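Throughout, protein chains are lettered first and strands after them, A, B, ... in sequence-line order, and every chain is numbered starting at 1. What's counted below: heavy atoms across the whole structure, side chains too, no hydrogens, waters or symmetry copies. Since the model is a prediction, treat every value here as computed from it, not as a measurement.
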2 protein chains.
Amino acid sequence: MTHSTAHDSHHHAHDWAQLLRGRGLRATAQRMAVLEFLHDHPHSDAETVFQAIRPALPTVSLQAVHLIVQDLSGKGLIRRISLPDSASARYETRIEDNHHHIQCIHCGRIEDVDCVVGHAPCLEPDDTHGMRIIEASIVFRGICQDCDALINQQAKEKP
Amino acid sequence: MTHSTAHDSHHHAHDWAQLLRGRGLRATAQRMAVLEFLHDHPHSDAETVFQAIRPALPTVSLQAVHLIVQDLSGKGLIRRISLPDSASARYETRIEDNHHHIQCIHCGRIEDVDCVVGHAPCLEPDDTHGMRIIEASIVFRGICQDCDALINQQAKEKP
DNA sequence: TATTTATATTGAACTACTAAAAACAACTGC
DNA sequence: GCAGTTGTTTTTAGTAGTTCAATATAAATA
């Protein structure tokens with residue numbers, strides 16, 4: 001019988017330490033801080049994570065963050081996302097499902113795309129060239145409403 | 001009535017010069033060399049293109065290649081591909097159709113994926129978060145037969 | 001608690017790409 | 001065909017993101 005507070009069940013308190021040890025990784029403060037931040041702020045890049053966790057861990061280095069996200073990706077605890085319109089790699093803790101992403105080519109804003117209409121077919125190319133498919137990475141490139149309005153406005157101003 | 005030799009029809013000789021001028025770009029030797037090479041070697045990165053065309057154009061610089069692929073992408077003559085398992089951007093001349101790619105996560109080999117079973121749905125996420133979709137970039141990550149065999153063999157050698 | 005060993009830190013280096021100014025070459029009109 | 005204009009390329013530097021190597025540190029184990 002497990003005790004779980006209302007806060008826990010709502011927040012789904014993650015035992016990052018146990019998760020790390022389960023994959024044969026040591027539960028360090030840096031790794032847990034990275035996991036915690038990525039859980040609350042998906043699609044963050046290494047620099048953003050670094051800046052965010054620095055106040056709590058003043059000695060942390062950007063290189064350490066790079067090393068951590070690499071290790072965690074390798075062990076499947078987080079997922080690395082490389083988007084056409086972002087120079088740096090992004091990371092997220094949501095790895096259980098096969099979800100995809102949509103990014104505004106103007107402002108770079110990124111959102112999750114939970115599923116694709118007709119979903120399954122997207123994971124089955126008709127000719128795999130003899131390859132065993134591990135995952136399908138689908139990135140939708142678009143323009144968000146804000147940027148669209150902004151562009152239309154700019155077009156009016158100087159014709 | 002057009003004259004076309006057997007060689008032409010087979011090789012589908014491209015008039016890169018005319019294609020460039022049609023988009024308001026000057027037909028320079030560098031640009032034509034880049035187009036020609038990318039046509040024969042799709043999914044090449046800037047460095048590869050640079051090395052390939054250098055023998056014919058000894059004064060060409062890597063920076064020029066970067067600039068050229070950027071210009072050509074901007075004018076829609078080539079397409080830029082960014083793959084999760086490749087650090088550098090790749091380029092291809094095949095832009096008419098909406099085809100996708102499959103890459104081996106082990107050796108990095110890239111192949112075209114002409115179509116997806118059930119095709120159309122992949123271009124329609126169920127929630128666009130208010131964004132206007134411009135394109136869907138689908139990359140299949142997998143392991144090719146050669147690498148799969150290699151990995152299995154290595155696993156046997158040291159258990 | 002002491003020891004072992006993984007992990008973090010530090011500092012440097014590397015790769016892909018971009019920027020700015022000068023040299024050059026493609027298109028225009030003569 | 002030749003000269004002028006302007007778009008391109010070259011050259012030189014620089015930047016961002018990431019990785020590497022050696023040392024220092026801290027987590028797990030006994």
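- Here the P atom of nucleotide C/dC24 and the CD atom of B/Gln30 are 13 Å apart, to the nearest Å.
- Here the options are B/Thr28, B/Leu57, B/Val49, the test is side-chain contact (heavy atoms from CB on, under 4.5 Å), and the partner is B/Val34; only B/Val49 passes.
- Between B/Ile78 and B/Val69, some side-chain heavy-atom pair lies under the 4.5 Å cut-off.
- Taking the side chain as every heavy atom from C-beta outward, B/Arg31 and B/Asp71 approach each other to under 4.5 Å.
- Residue pairs meeting the salt bridge (charged side-chain N to carboxylate O under 4.0 Å, His left out) criterion with at least one partner in residues 18-30 of chain A, sequence neighbours excluded, do not occur; the list is empty.
- Put simply, CG on A/Asp71 is 10 Å from C1' on C/dA6, counting in whole angstrom units.
- At the heavy-atom level, B/Ala29 lies nowhere under 4.0 Å from the strands shown.
- Computed from coordinates, the B/Phe50 CZ to C/dT15 P distance equals 14 Å when rounded to whole Å.
- Rounding to whole angstrom units, CZ of residue B/Arg31 and P of D/dT10 are separated by 11 Å.
- Closest contact between the side chain of B/Ala87 and the listed nucleotides D/dT8, C/dA16, D/dG17 involves C/dA16.
- The separation between B/Leu83 atom CG and C/dA16 atom P is 14 Å, rounded to whole Å.
- Proximity of residues 59-70 of chain B to DNA chain C (heavy atom under 4.0 angstrom from any strand atom) is restricted to B/Gln63, B/His66, B/Gln70.
- The CD-C1' distance, from A/Glu47 to D/dA16, rounds to 10 Å in whole Å.
- Neither side chain, A/Glu92 nor A/His39, offers a donor N or O lying under 3.5 Å from an acceptor on the other.
- A donor atom on one side chain and an acceptor atom on the other are not found under 3.5 Å apart for B/Ser88 and B/Glu47.
- Between A/Phe50 and A/Val60 there is a side-chain heavy-atom pair separated by less than 4.5 Å.
- B/Leu35 and B/Phe37 fall within a single hydrophobic cluster, where Ile, Leu, Val, Met, Phe, Trp and Tyr are joined by side-chain heavy atoms under 4.5 Å apart, directly or via other members.
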At a cut-off of 3.5 Å, list every protein nitrogen or oxygen paired with a nitrogen or oxygen from nucleotides 27-29 of chain C, distance to 0.1 Å.
unit_1, atom_1, unit_2, atom_2, d
C/dC27, OP1, B/Arg21, NE, 2.7
C/dC27, OP1, B/Arg21, NH2, 3.4
C/dC27, OP1, B/Ala27, N, 3.0
C/dC27, OP2, B/Arg21, NH2, 3.2

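- Residues B/Leu72 and B/Leu20 are in side-chain contact: their nearest non-hydrogen atoms beyond the backbone lie under 4.5 Å apart.
- With rounding to whole Å, B/Leu20 atom CG is found 13 Å from D/dG7 atom C1'.
- If you take CG of B/Leu35 and P of D/dT8, they are 13 Å apart, rounded to a whole angstrom.
- Phosphate contact (OP1/OP2 of C/dA6, side-chain N/O of A/Arg23, threshold under 4.0 Å): absent.
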